[in-house]
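Notes to accompany the following structure.
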Amino acid sequence: MATKTTEQTISAAAMTSMCPRYEHAVQVICKRWTGLLLDALMEGPRRFGELTSLVEGLSDRVLSDRLRELETEGIVKRVVYPQIPVRVEYQLTDKGYALKPVTDAIHSWAEGWIDPALLAETDEKK
């Protein structure tokens with residue numbers, strides 16, 4: 001009967017302790033619309049109306065929910081400018097900007113692996 005090496009045991013222990021973090025991260029950033037919102041905010045602060053215009057099909061209610069969730073996670077910051085009328089912008093925090101390599105990697109993967117013809121077929125069915 002073969003025994004695990006110490007290195008394999010340590011590796012298994014490290015994976016066990018990382019899995020809940022990974023699972024939470026995926027649950028946060030993989031919710032519907034969140035990736036598109038993050039991508040839009042990577043270019044800089046946006047107002048609520050700008051985000052609804054940029055992310056086609058996103059309702060105000062869902063946008064509000066997603067922004068609140070991202071704010072709770074410390075990924076997005078809501079900035080209120082005390083002027084008349086009040087102006088509110090949403091911007092990424094440092095934690096949010098740290099997701100840039102992730103969004104860039106998804107863009108690269110999509111460029112290489114998503115067939116534009118399939119997207120056209122999906123759009124026609126809508």
Side-chain angles (χ1 to χ4, degrees):
M1 180 181 223
T3 59
K4 289 184 180 179
T5 65
T6 305
E7 193 173 303
Q8 288 173 323
T9 305
I10 292 169
S11 202
M15 284 186 63
T16 303
S17 68
M18 287 191 302
C19 286
R21 288 180 176 182
Y22 179 83
E23 181 180 358
H24 183 77
V26 169
Q27 287 174 353
V28 170
I29 64 175
C30 293
K31 274 193 174 177
R32 187 164 188 196
W33 308 111
T34 300
L36 297 173
L37 288 172
L38 291 172
D39 200 43
L41 289 168
M42 287 294 169
E43 297 176 18
R46 303 278 188 182
R47 296 181 73 176
F48 192 92
E50 289 178 283
L51 290 169
T52 54
S53 297
L54 286 169
V55 183
E56 188 178 321
L58 175 59
S59 71
D60 288 354
R61 179 174 173 238
V62 174
L63 173 57
S64 182
D65 289 347
R66 290 299 173 273
L67 288 170
R68 198 173 307 114
E69 290 165 2
L70 292 170
E71 191 175 0
T72 299
E73 290 291 332
I75 294 170
V76 168
K77 177 169 63 171
R78 182 177 186 264
V79 180
V80 179
Y81 295 95
Q83 59 190 45
I84 300 175
V86 172
R87 184 171 58 115
V88 178
E89 287 184 344
Y90 296 89
Q91 61 189 33
L92 294 175
T93 62
D94 289 343
K95 183 177 180 179
Y97 279 115
L99 288 166
K100 179 111 174 86
V102 176
T103 59
D104 288 348
I106 293 170
H107 276 288
S108 295
W109 179 85
E111 288 289 322
W113 292 97
I114 302 297
D115 184 358
L118 293 176
L119 295 176
E121 286 176 18
T122 305
D123 287 342
E124 288 173 9
K125 291 178 183 177
K126 286 183 182 178

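The shortest non-hydrogen separation linking Gly74 to Lys95 is O-CB, 3.5 Å.
Placement of Val86 and Phe48 within a single hydrophobic cluster is found when ILVMFWY residues are connected by side-chain heavy-atom separations under 4.5 Å, directly or transitively.
Under a 3.5 Å cut-off, the side chain of Thr103 and the backbone N or O of Asp39 do not form any donor-acceptor pair. In terms of modelled atom types and a separation under 3.5 Å, the side chain of Arg46 and the main chain of Ala40 share a donor-acceptor contact.
Among residues at least two apart or in separate chains, side-chain hydrogen bond (donor to acceptor under 3.5 Å, both in side chains) pairs with a member in residues 74-88 are Arg78-Tyr90, Tyr81-Glu89, Arg87-Glu89.
Summarising the geometry, atom CD belonging to Glu71 is positioned 10.0 Å from atom OG1 belonging to Thr93; distances are rounded to the nearest 0.5 Å. Between atom CZ of residue Arg66 and atom CG of residue Leu58 there is a gap of 8.0 Å, rounded to the nearest 0.5 Å. How far CG of Leu67 is from CD1 of Ile75: 11.5 Å, rounded to the nearest 0.5 Å. Atom-to-atom distance recorded for Gln27:CD and Glu69:CD is 11.0 Å, nearest 0.5 angstrom. Taken from CG in Asp65 to NZ in Lys31, the straight-line distance is 8.0 Å, to the nearest 0.5 Å. A distance of 10.5 Å separates CG in Asp60 from CG in Leu51, rounded to the nearest 0.5 Å.
Side-chain atoms of Leu92 and Val76, non-hydrogen and from C-beta on, do get closer than 4.5 Å to each other. No side-chain heavy atom of Leu41 sits less than 4.5 Å from a side-chain heavy atom of Leu70.
More than 12 non-hydrogen atoms from other residues, nucleotides or ligands lie less than 6.0 angstrom from CG of Asp115.
Side-chain atoms of Ser64 and Arg68 form a donor-acceptor pair, as typed in the model, at a separation below 3.5 Å.
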